[in-house]
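The first residue in the sequence is number 1, and the count goes up from there.
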Amino acid sequence: MYTATDNSRSRRSDAAYRKMNAAASAPAVVISAMQVAGVLLQGWRWILVAVLAGAIAGLGATQLVTPRFTAITDLTISPSNLLVTPNDLYATNIQTDSQILDVESKMRTITSGNVLRRVIDKLGLRNDPEFADKMRLLNFSWLFDRGASDAAERNDLMGLLAKRIKVTRQERSYVVTMSVWASEPAMAARLANAIATTFREEVVRADAERAGRAAQGLAARLGELKAAAAEAEDRTEAFRRAHGLQQGPSGQPLSSEAMERMSGKMTDAKARLAEAEARYNEVSRAVSLYGVQAGAVQSQTLSGLLTDEAALRRQIATLTQTLGPRHPAMLNAMAESDALTKAIKSETERLRSAARFEVDQAKVALDTLNEETRTLRGNVSVDDQAQVKLRELEREASAKTALYQTFLTRSGEAAERQQIDATDVRVISPAVAPLRPTWPPRPIIATAAGAALGLLLCAAALAGIFYLDALRFARSRAA
């Protein structure tokens, strides 16, 4: 059984080998250019028919194919917004690659669903015959679910519209060219202008939404920051009251102001003591050296007594010249002189005692102030230790207050920024209705292209038929 199978396989291999040898040994067919030219000349009637048929087909195609009118509009898309506030929410990026990425991202927004959906609703494309008829031919979901069919129809319409849009950017510039085609010139221009306008509105809306989200995020934190700042300030004030660190009008603690006032009082008390001691020493020295006639002793009463004493001495000197020492008038004058002397001495001692009393009072006052100063210094030492903790609490309160103020200011700026259109997207050349369609080509061009195509096809067919005939003839001769 195995031997028979091997023999059959050998016979099939030999037959295939003989066929290959026969094909290899077949004579080669060589066709010259003159032969091809002769064939084409002989078949000029067929070529003429093919050329006419191609020309008619090209002309008919221009009448049957739906024309495409392309409207073009140019926009400038700046990578950075206009700087309307010193601290804008969007930082300006100076790197060229980042700016190009920003521009290309915005270019992608032109064919995004948000833009196309609004254009469809704005122009009513769902009811436009050019778009609605194609959607009805391709969409059968209305047979199953009306809601699903509406969503599917809208998505299909957005896809169809996106295929008609072409967005390009000129090299080394921020100028973007957008083209849209439609079957009518006016519709193409309307689509291009509507897409450009809607795109700019979408960019503005996106910036406003981002600013709004930032403002909401900041506002959400304001309550917590305000409570934290108020709590820190209350804790600082409570610590200040508990340790008697209230501040005076100058902004310094009351203990420091009291210490300053006490220093001033100490200076005045020392000056008064020095003045009282100087006056007492002067009075004592003057009395001991010059008696009651010392000029340093100043008193209105003493001056009056000295004046009376001088007058009485003149009177006694006058009486001495005329009267004897036992004369009653002389005795009265001498008695009066003794009385004045005692009065002057008593007044002088009184003045000295008064000066001494002033010295004692000044010393007592200075001692009292010294005691109060020592007490205040002890309080200030305790307050200095509390001041360290107080300054720490004040720094914490200041930091939280500053953070709250920053968030409050930034939240207000973000809320205002949301109302400002700072996008630098401009339409520099609005679309106009095109005069000629971009497809199909003009009838004369389509006719010429159809004739040329017919000529080429007919020539290729004639040359192929001639080659097959020559190959068949060569094989028949070889057989």
Side-chain angles (χ1 to χ4, degrees), residues 77-99 101-103 105-106 109 114 200-261 379-426:
I77 303 177
S78 178
S80 59
N81 295 328
L82 300 175
L83 187 62
V84 296
T85 57
N87 298 320
D88 200 359
L89 295 177
Y90 307 110
T92 303
N93 198 333
I94 61 176
Q95 295 182 358
T96 305
D97 295 340
S98 299
Q99 292 178 351
L101 288 176
D102 187 17
V103 173
S105 298
K106 291 180 179 178
T109 308
N114 289 341
R200 190 184 186 285
E201 294 174 353
E202 177 64 21
V203 173
V204 173
R205 187 181 66 84
D207 287 345
E209 285 184 356
R210 286 189 293 175
R213 288 194 298 269
Q216 291 177 359
L218 291 172
R221 285 283 297 158
L222 280 179
E224 299 177 5
L225 294 175
K226 183 179 180 181
E231 181 182 358
E233 291 180 352
D234 293 341
R235 190 163 56 249
T236 303
E237 292 299 326
F239 184 84
R240 181 180 287 113
R241 286 192 303 268
H243 294 79
L245 300 177
Q246 289 83 0
Q247 295 179 347
S250 62
Q252 296 182 353
L254 294 179
S255 58
S256 299
E257 292 185 353
M259 192 65 189
E260 292 180 358
R261 290 194 299 269
N379 294 336
V380 169
S381 178
V382 175
D383 292 345
D384 289 340
Q385 297 177 359
Q387 282 286 346
V388 176
K389 179 64 176 178
L390 178 62
R391 282 192 293 268
E392 181 181 354
L393 294 175
E394 287 178 345
R395 285 193 297 269
E396 182 181 356
S398 299
K400 292 184 177 180
T401 302
L403 182 61
Y404 168 68
Q405 185 65 36
T406 301
F407 268 68
L408 182 62
T409 304
R410 202 61 173 164
S411 176
E413 291 177 353
E416 292 299 326
R417 178 63 176 81
Q418 187 180 4
Q419 310 298 326
I420 299 175
D421 177 13
T423 56
D424 194 7
V425 177
R426 296 182 297 113

Of the non-hydrogen atoms in [X] and [Y], which two are nearest, and what is the gap between them?
X      : Y      : value
Val103 : Ile77  : CG2-O, 3.5 Å
Ala215 : Ser411 : O-OG, 4.0 Å
Arg200 : Val425 : NE-O, 2.7 Å

*Report the distance from atom CZ of Arg205 to atom CD of Glu209, rounding to the nearest 0.5 Å.*
4.0 Å
*asked:* To the nearest 0.5 Å, what is the distance between OG1 on Thr236 and NZ on Lys389?
replied: 9.5 Å
*asked:* If you count every heavy atom of other residues, nucleotides or ligands that lies below 6.0 Å from Arg235 atom CZ, does the total exceed 12?
replied: yes
*Lys/Arg-Asp/Glu bridge criterion (N-O < 4.0 Å) met for Glu392, Arg395*: no
*Using a strict 4.0 Å threshold on nitrogen-to-oxygen distance, state whether Glu394 and Arg391 make a salt bridge.*
no
If you look only at distance, which donor and acceptor atoms sit under 3.5 Å apart when one is on a side chain in residues 399-409 and the other is two or more places apart or in another chain?
from: Lys400; atom 1: NZ; to: Glu396; atom 2: OE2; distance (Å): 3.3
from: Thr401; atom 1: OG1; to: Glu233; atom 2: OE2; distance (Å): 3.1
from: Thr401; atom 1: OG1; to: Ala397; atom 2: O; distance (Å): 2.7
from: Thr406; atom 1: OG1; to: Ala402; atom 2: O; distance (Å): 2.8
from: Thr409; atom 1: OG1; to: Gln405; atom 2: O; distance (Å): 2.9

*Test item: Asp207 and Arg210 side chains (from C-beta on) under 4.5 Å apart, heavy atoms*: yes
